[in-house]
Amino acid sequence: VMELLEGSTLREELRRLTRLEPARTIEIFRGVCAGVEAAHRRQIIHRDLKPENIFLARSEGFDKPRETVKVLDFAFETSSGVLVGTFAYLSPEQLRGESPDVLWDLWALSVVAYETLAGKLPFEAASTDEWRNAVLAGRFKPDSSAARQAFFAACYAQDRTKRPQSAADFFSRLETTLA
């Protein structure tokens, strides 16, 4: 039995609007990061965060419609040596075949945040090999905002200790950047 949800995925919102305003992005990521943080506290790694797995559930409230952000489709099953996740959202650690880690989800969160704000993926390349090299080097397309550029540079740092270390840390940095 699954919960019946009415609303749309973040992917559907991005198809409709191309990108979202910073205030709307903060609103959505508050819920996404809370859900991811709760999962991580229970040692659960999503492994496939992407706009299709972020659902904006709408329901009728007493005075106005309410929206609840839901994180869907946790990838619980894995086999050794099997790459889990959607290509554009894979972290360098996943590409190198390292053990599952919260950094996988935090990297994917940063890709989704970039896509939500810019209307495009941060790592675009002519071939899979070029994309893989760009991800492994943390070479993303520059952002027009200096604050956002600095935020994403930290998120895509090769030195993983410079990246956000939790979903709560990621959200705090994102909110500060977009405020």
Side-chain angles (χ1 to χ4, degrees), residues 1-42 44-78 83-91 94 100 102-125 131 135 140-141 143-145 147-148 151-152 155-156 164 166-179:
V1 175
M2 293 177 66
E3 180 180 12
L4 175 62
L5 299 174
E6 293 183 21
S8 61
T9 64
L10 179 56
R11 170 64 65 218
E12 291 166 332
E13 287 291 294
L14 292 174
R15 279 192 192 118
R16 192 170 65 78
L17 301 170
T18 306
R19 64 177 164 247
L20 302 181
E21 293 298 319
R24 180 79 172 116
T25 300
I26 288 171
E27 206 176 281
I28 291 169
F29 273 82
R30 178 175 283 111
V32 171
C33 291
V36 171
E37 182 74 19
H40 288 175
R41 279 195 306 268
R42 291 167 180 79
I44 298 170
I45 300 167
H46 190 286
R47 304 171 192 230
D48 195 23
L49 285 169
K50 58 187 176 184
E52 290 82 353
N53 289 337
I54 297 169
F55 197 83
L56 311 173
R58 292 183 183 88
S59 60
E60 293 302 317
F62 287 111
D63 55 346
K64 63 179 182 173
R66 282 182 9 155
E67 181 177 84
T68 304
V69 178
K70 306 271 187 170
V71 180
L72 308 176
D73 200 21
F74 281 75
F76 288 111
E77 59 175 86
T78 60
L83 198 58
V84 175
T86 302
F87 209 60
Y89 304 89
L90 296 179
S91 71
Q94 283 170 285
V102 298
L103 290 176
W104 292 15
D105 288 349
L106 300 176
W107 182 278
L109 279 176
S110 66
V111 174
V112 175
Y114 185 101
E115 184 177 10
T116 300
L117 292 163
K120 61 184 175 186
L121 291 166
F123 300 97
E124 293 177 334
W131 173 84
V135 167
F140 64 99
K141 295 202 175 284
D143 192 283
S144 58
S145 156
R148 289 193 332 214
F151 169 75
F152 288 114
C155 290
Y156 304 133
S166 69
D169 180 24
F170 175 89
F171 180 72
S172 175
R173 293 186 195 196
L174 178 67
E175 187 175 38
T176 299
T177 299
L178 299 181

So which atom in [X] and which in [Y] form the shortest heavy-atom distance, rounded to 0.1 Å?
{"X": "S91", "Y": "Q94", "answer": "N-OE1, 2.9 Å"}
{"X": "L14", "Y": "T116", "answer": "CD2-CA, 3.9 Å"}
{"X": "A88", "Y": "L121", "answer": "CB-CD1, 3.8 Å"}
{"X": "R148", "Y": "P22", "answer": "NH1-CG, 4.4 Å"}
{"X": "V112", "Y": "L10", "answer": "CG1-CD2, 3.7 Å"}

Should E12 and R15 be marked as a salt bridge (charged side-chain N to carboxylate O under 4.0 Å, His left out) after you check the CA-CA gap, both sets of side-chain angles, and the distance that decides it?
-> CA-CA 5 Å; E12 291 166 332; R15 279 192 192 118; 5.6 Å; no
Report the residue from H46, H40, R47 that forms a side chain to side chain donor-acceptor pair (under 3.5 Å) with D105.
-> H40
Under 6.0 Å between the ring centres of F170 and F151?
-> yes
Does the separation of the ring centres of W107 and Y89 fall below 6.0 angstrom?
-> no
Can you tell me if [X] uses its side chain to pair, donor with acceptor, with the backbone of [Y] under 3.5 Å?
{"X": "D48", "Y": "D73", "result": "no"}
{"X": "E37", "Y": "A167", "result": "yes"}
{"X": "Y156", "Y": "S110", "result": "yes"}
{"X": "Y114", "Y": "K141", "result": "yes"}

So does R24 have more than 12 non-hydrogen atoms from other groups sitting under 6.0 Å from CZ?
-> yes
Enclosure of E27 CD (heavy-atom neighbours >12, cutoff 6.0 Å) | yes
Under the salt bridge (Lys or Arg N to Asp or Glu O under 4.0 Å) rule, collect the residues that match up with K120, sequence neighbours excluded.
-> none
Would you say P122 and F152 make side-chain contact, with heavy atoms under 4.5 Å?
-> no
Beyond-backbone contact of L90 with V135, side-chain heavy atoms, under 4.5 angstrom | no
With rounding to the nearest 0.5 angstrom, report the [atom1] to [atom2] distance, [X] to [Y].
{"X": "I28", "Y": "C33", "atom1": "CD1", "atom2": "SG", "value": "11.5 Å"}
{"X": "I54", "Y": "L72", "atom1": "CD1", "atom2": "CG", "value": "9.0 Å"}
{"X": "L20", "Y": "E115", "atom1": "CG", "atom2": "CD", "value": "10.0 Å"}

Pair T25, R19: side-chain N/O donor-acceptor within cut-off below 3.5 Å | no
Would you tabulate the side-chain donor-acceptor contacts of residues 171-179 under 3.5 Å, counting partners in other chains and residues two or more places apart, or write 'none'?
residue, atom, partner, partner atom, Å
R173, NE, D169, OD1, 3.1
R173, NH1, K162, O, 3.4
R173, NH2, D169, OD2, 3.4
E175, OE2, R30, NH2, 2.8
T176, OG1, S172, O, 2.9
T177, OG1, R173, O, 2.8

